[in-house]
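For this chain, numbers begin at 1 and follow the sequence in order. Scope of the values below: all heavy atoms of this structure, side chains included, with no hydrogens, waters or symmetry mates.
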Amino acid sequence: MESSCPPVSPSTPVNWESLDALVADFAASENLIEPASPSQSSSSPSSTSYGSRTINRQIRRSLENGEIDRVIELLKAHAPCILEDHRILFRLEKQKFIELLRKGTEEDRDAAIECLRKCLAPCALDAYPEAYEEFKHILLAFIYDKDDQSSPVADEWSEKKRFEIAGLMSSVLRAHLHAYDPFFAMTLRYLISIHKEYCFRQGMPSPISDLTERLLFKERDPPATVEDILYEAPPFDEVDIQALLHAVELSRQGAVDSLRFAKGDLHLAFQNELCRMRLNVPMLDDLVHEYCIYRGIVECDMASPFGSQMHVDSDLVRVEKPEDGASEISDELTTVQGMDTEVRYADETTSSHEICSTSESPRSTCSRALRRSRNYGTGERSKRKRWRGRQEYLISMDDLSESHLSNARLSDDKYNFILEMKELTSRGMAMEVFEEINNMDPDFFKQNPLLQFQLKQVEFLNLVSSGDNANALRIACSHLGPLAAKDPELLKPLKETLMALLRPEEGSLGKCFSLDNLATSLQVAIGRRLGIEEPRLMKIMRATLHSHNEWFKLQMCRDRFEGLLRIDFLKDVNRAGVAAMSKSNADSCTHGSSVMTTSSSARMADDGSSPAQVSSSEGVCDESAILKVMEFLALPRADAIHLLSQYNGNAETVIQQLFA
């Protein structure tokens, strides 16, 4: 039987409000959205980090283009101490020598000889032990042509060298300038890498491989070089070494070198290694834009040239970006000039008649509901940010057809309607939400009885809290009771809801369940009914967080990095509900990371571990024995525990048996 990756379990919920904050923080940090004010943009800490990342990208792009003089100028201006490291300077001068010869003119050949005499030869004497041999070897480039693939210097001539030194320089500058990516980009790298490893070890195909294979490249940047003085550093804790090497798939020596470069700081070493993983940045921006529109973080701009693949019915234009056949190691700052961007309309024949079927004028009923949504929450819409994207990807509005823009208007109404229903639900305005959705589509709740039950629960609890027990009982008799009679699984929550009549002070909405979770569930269901699929990022997060839980169950330990990457905030541990996070979308765009500084105790079990994970291997074998087997046999934690369980937890016996 063909195995398949297990479906995303209902026991692995996602706290979408926390994801909103992470995504909004990423968009603001990368200047993908317009700031509230120019002064706010220039003075925020994220703008400093963004400037450092921009410098790093400029240097990287120049190296990949072979512009070594430009690189040296940028380094002198922004990181002069990097050039004091002769190991790096030697590599730069060696590449400059090759680039001068590559040009092929007599003048450039003379410049290459001058580079040898004044820069490369003196630097080779004290760069590193092998540098002088490399210097003598590179002289063969005078003799062998760049197109000779069998020459002893074919590797030096290869343009791949440019990308290697660009990756190395990027790693060094990132640490030197503190130009680390926003937390969301690092979290996504980590979760995807764990998801891939989990599916591989379980022999299961990934349900999101079409996305993850394109989003996270296999290539990594080379590690930054370790300063010689740090080789005298004291030995590191084996627990830290094992945690790092298994978290980011390093060799043991690689983990030790990474800790040395970070001067023993495990979290800093972990961030350095995560940032070495190459992301498809244009695709990531597209996923973030799609998610931000769907969640109401930014304005709905259906004219985006990288229009998210939110497939809607025949009223919505689908804008698709063709696959780019460029190498995975090409820089993310690729322009769209010359790109054959195809704009085509959806072929689906589904009409609003099918979605909003009523006995009288169904299309006008649906249209009225959508138009009415414009009058709801105007203040909330005004708080949404405007997406501007990375400047390299902007396409003139003149390049988009007028029919595209006109056809997008009704879709904009649909998004606004969905977002208004989400906003009203999160405020606890269940009666208004029920009426509006029923007006839009009388069949909606027939097909989604659980959502109807939950909305009526909210309405019931609101009435009890206000002291209107008579109307609360009317809601229970006319809605909650009949729904529970059709679905026995609803009987238990019905009984718990009725208990609010006895203790109204304990029946507050925040204690019963999360309004934000209900709002998101309702948003997804209404969107599908209107032909708008949920964002691809939501699918990625569901699958990867599920894999994260399952992976650490196998490891029988907690993830030491989930707090750093805010993964604990993304896991809605208390399924009965977490108190709604009082945060507007506008605030999350500007202060998105501030939400992440609060205590995570509401989402963590009493012992500090996630209930979805096995917090320790107590009762199986001793922790020191696990570490010893992992170190000596270079095994993952789960495999080490499995072997120890076969030999009564004796590490020496395990090692002797395997080497016997």
Side-chain angles (χ1 to χ4, degrees), residues 16 19-36 41 46 50 53 181-185 187-189 192 208 210-212 214-216 279-312 316-324 332-336 339 341-343 381 383-397 399-400 404-405 408 411-412 414-416 418-419 422 520 523-524 527 532-541 585-586 588-590 592:
W16 300 114
L19 183 60
D20 287 352
L22 269 179
V23 169
D25 176 73
F26 170 84
S29 298
E30 290 291 70
N31 278 6
L32 298 176
I33 54 178
E34 293 183 355
S41 174
S46 62
Y50 175 76
R53 290 194 299 275
D181 292 340
F183 273 113
F184 176 67
T187 300
L188 202 58
R189 288 179 174 103
I192 290 176
I208 54 171
D210 59 322
L211 296 172
T212 56
R214 291 182 292 129
L215 183 57
L216 185 64
L279 277 174
N280 183 338
V281 175
M283 181 180 179
L284 176 58
D285 289 352
D286 190 27
L287 293 175
V288 168
H289 187 195
E290 179 184 62
Y291 181 85
C292 286
I293 290 176
Y294 189 86
R295 296 288 291 171
I297 298 172
V298 301
E299 294 176 2
C300 178
D301 180 11
M302 299 311 300
S304 168
F306 287 91
S308 310
Q309 297 174 4
M310 296 180 182
H311 303 307
V312 302
L316 179 63
V317 170
R318 179 185 295 144
V319 184
E320 296 183 358
K321 173 177 176 282
E323 292 294 329
D324 186 1
E332 67 267 20
L333 299 176
T334 305
T335 65
V336 295
M339 183 180 295
T341 304
E342 180 183 1
V343 179
R381 286 208 297 273
K383 294 179 183 179
R384 297 176 199 160
K385 301 297 182 180
R386 183 171 180 81
W387 183 271
R388 67 180 184 185
R390 297 183 196 265
Q391 299 303 306
E392 294 81 10
Y393 307 145
L394 294 182
I395 293 180
S396 170
M397 293 290 289
D399 296 336
L400 299 170
H404 171 203
L405 300 178
S411 299
D412 185 71
K414 291 181 180 181
Y415 275 102
N416 284 330
I418 294 170
L419 290 171
K422 169 178 170 285
T520 298
Q523 178 185 20
V524 171
I532 300 176
E533 291 295 329
E534 67 178 353
R536 294 163 291 170
L537 187 58
M538 293 179 82
K539 298 174 183 177
I540 291 174
M541 297 307 296
N585 287 328
S588 69
C589 289
T590 308

Query - Under the side chain to side chain donor-acceptor pair (under 3.5 Å) test, residues paired with Thr520 that sit two or more places apart - result: Arg295
Report task. Look only at the side chain of Arg53 and the backbone of Asp181, and say whether a donor-acceptor pair between them is shorter than 3.5 Å. Result -> no
Query raised in the report: Between Trp387 and His289, what is the ring plane arrangement, given parallel below 30°, perpendicular above 60°, and tilted in between?
Result: parallel
Requested in this report: Taking all heavy atoms of Ala27 and all of Val288, pick out the closest pair and write down the distance.
Outcome: CB-CG1, 4.4 Å
Query raised in the report: Any side-chain heavy-atom pair from Leu215 and Ile540 closer than 4.5 angstrom?
Result: yes
Query raised in the report: Which value, rounded to the nearest 0.5 Å, describes the distance between Ile532 atom CD1 and Ile418 atom CD1?
Result: 4.0 Å
Report summary line: Between Val23 and Cys292, the two heavy atoms sitting closest are CG1-SG, 3.7 Å
Requested in this report: State the CG-CZ distance between Leu188 and Phe26, to the nearest 0.5 angstrom.
Outcome: 9.0 Å
Requested in this report: Could you grab the distance from atom CG of Leu537 to atom CG of Asp286, nearest 0.5 Å is fine?
Outcome: 11.0 Å
Requested in this report: Kindly give the heavy-atom pair with the smallest separation between Tyr50 and Asn31, and that separation in Å.
Outcome: CE2-ND2, 3.3 Å
Query raised in the report: Are side-chain heavy atoms of Tyr294 and Met538 found at a separation under 4.5 Å?
Result: yes
Report summary line: Interatomic distance, CD1@Ile33 vs CZ@Arg384, rounded to 0.5 Å, equals 13.5 Å
Query - Check: Arg536 main-chain N/O paired with Glu290 side-chain donor or acceptor under 3.5 Å - result: yes
**Report entry** Residues Arg386, Glu299: salt bridge by 4.0 Å N-O rule
**Finding:** yes
Report task. Taking the side chain as every heavy atom from C-beta outward, state whether Val281 and Asp285 have any atom pair closer than 4.5 Å. Result -> yes
Query raised in the report: If you measure from CG on Asp25 to CG on Asp20, what distance do you get to the nearest 0.5 Å?
Result: 12.5 Å
**Report entry** Separation between CG of Leu216 and CG of Leu211, rounded to the nearest 0.5 Å
**Finding:** 12.5 Å
Query raised in the report: Can you check salt bridge (Lys or Arg N to Asp or Glu O under 4.0 Å) on Arg390 and Glu30, steps first, answer last?
Result: CA-CA 8 Å; Arg390 297 183 196 265; Glu30 290 291 70; 2.9 Å; yes
Report task. Heavy atoms only: give me the nearest Glu34-Lys385 pair and the separation to one decimal. Result -> O-CD, 3.9 Å
